Number of protein chains: 4
Amino acid sequence: MNITLEQAEKVIAAAKKKATELDTKMNICVVDGGANQVAFARMDGAWLGSADIALKKAKTARFFDMPTGEIGKLSQPGESLYNIEHSNGGLISFPGGVLLKNKKGDIIGAVGVSGSSVENDHTVASAGADAL
Amino acid sequence: MNITLEQAEKVIAAAKKKATELDTKMNICVVDGGANQVAFARMDGAWLGSADIALKKAKTARFFDMPTGEIGKLSQPGESLYNIEHSNGGLISFPGGVLLKNKKGDIIGAVGVSGSSVENDHTVASAGADAL
Amino acid sequence: MNITLEQAEKVIAAAKKKATELDTKMNICVVDGGANQVAFARMDGAWLGSADIALKKAKTARFFDMPTGEIGKLSQPGESLYNIEHSNGGLISFPGGVLLKNKKGDIIGAVGVSGSSVENDHTVASAGADAL
Amino acid sequence: MNITLEQAEKVIAAAKKKATELDTKMNICVVDGGANQVAFARMDGAWLGSADIALKKAKTARFFDMPTGEIGKLSQPGESLYNIEHSNGGLISFPGGVLLKNKKGDIIGAVGVSGSSVENDHTVASAGADAL
């Protein structure tokens, strides 16, 4: 019940397609159920600094089994998980990381996308996740 | 006046029992008086990212000899310990880390719990601490 | 096909028993199939510095699906994997890390032991692995 | 004069093909002229620990514009670059990292491969480089 490379490549292909439709340039990273990187692609001209963010978004989504943006709501000043980003070698808690599930609903990994607005990042990550 | 492994295992057993009562899945970490890990357990299905948080909560509680949530109040924007989380390789300053004391009241270590709401995390950590 | 906490606790109990038989004090760490920590125990009086070594031995064994000592043979000066220890945030390549398999032979994790001679470390780790 | 994602994907596809011919399972990483990751793939069942090594081999090759194995000759005890692996967040100096050049001979990036013997790693990396 772990993602295969073929599945990860499908996720990245779908994410790239959506990114192009939105006229954006994205870094896209897929991790497996153990939060270890399986596949990665940086589109031409995408921000260099977004590569690490895409990886951290994918890891963060799998670390807590929820979309990264949900964690960000809880990590604001005064909220219950304030500064959780200091754990696990650095989390990214704004939108763009979503879980990957197989058709039965088992979690098999996560995808992280970075390179545009967080709304676009989330849309592209979701398009990737929907490809499975 | 340092925690023994037998005591640490008692703390973890009590914390696991409370976690199960609350229908939660927790990462539980015990450190000694030197803030070094003595024992750890990740319950089946608990969040992967909570392992590091449980460790950091236990360390944070012992680093400053208070429950982690107390530090979090002081680390908010504008407060006196703003962003203290950047020290010591990363602190976690929301609830779930509590001190461990022997019957005489000496500090012998700390326990950190992560995997649910911070209220549940704190309740489970306290149940662990009460086992001593 | 991932290790459960109950299995990990069995591994640690068997390793502790063997460590006591050998009159040694060990740090014992179990990781799952994704190389993430599941359980840990430091026996009373065991070296503080061996906690991180036990974790790194467990991770190293799972990272390359072989006993850590095998990697150490290949990482010597002049050998093919010289200085591989600089990868993955630090590897430990001397004996004491061994794979954990279920009865069908699937890899479900790894155990790392540190606290005595590498021969004793390996013996204790193997006793842990045999408990499954 | 920097590698494109399309070129990087060609490199990875050729490397995967060669890896399959050799009956090996590889981690394959492509970096650009700035030594930043462009694309990555971990073949199903490949060693988890080889992901970071593949990245570090690709970076190392580009950092010094030579195949990683050449650096390893110079980093042995008593040699001129002894323990250079401590720089740049960790280098990998055994074979498996090679430069990527365009048809004019300009360096446009590097590929790193890890997952088998260093001879196989180098063969697969070279097959990737030849695809350009």
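The sequence lines fix the lettering, A, B, ..., with proteins before strands; numbering per chain opens at 1. This structure is a prediction, so every number in the text was calculated from the model and none was measured.
For the pair K56(D) and H86(C), the tightest heavy-atom approach, listed with the atom from each and the gap, is CE-O, 3.7 Å. The minimum heavy-atom distance between Y82(D) and Y82(C), with the atom names listed, is CE1-OH, 3.5 Å. Considering every non-hydrogen atom in both L48(D) and R62(C), the closest pair reads CD1-NE, 4.0 Å.
For the set G90(D), S75(D), G72(D), the entry with the most heavy-atom pairs within less than 4.5 Å of chain C is S75(D). Ranked by non-hydrogen atom pairs under 4.5 Å with chain D, the options P77(C), A35(C), G34(C) are led by P77(C). Contact tally against chain D (heavy-atom pairs below 4.5 Å) for L74(C), I84(C), T60(C): the top residue is I84(C).
Residue-environment remark: CG (D65(D)) exceeds the threshold of 12 foreign heavy atoms within 6.0 Å.
For chain C, no part of L55(D) is nearby; none of its heavy atoms comes within less than 4.5 Å. Both the backbone and the side chain of S50(D) come within contact range of chain C, with heavy atoms under 4.5 Å apart.
Considering only heavy atoms from C-beta on, I53(D) comes within 4.5 Å of F64(C) through its side chain.
No side-chain donor-acceptor contact under 3.5 Å links D52(D) to the backbone of S87(C).
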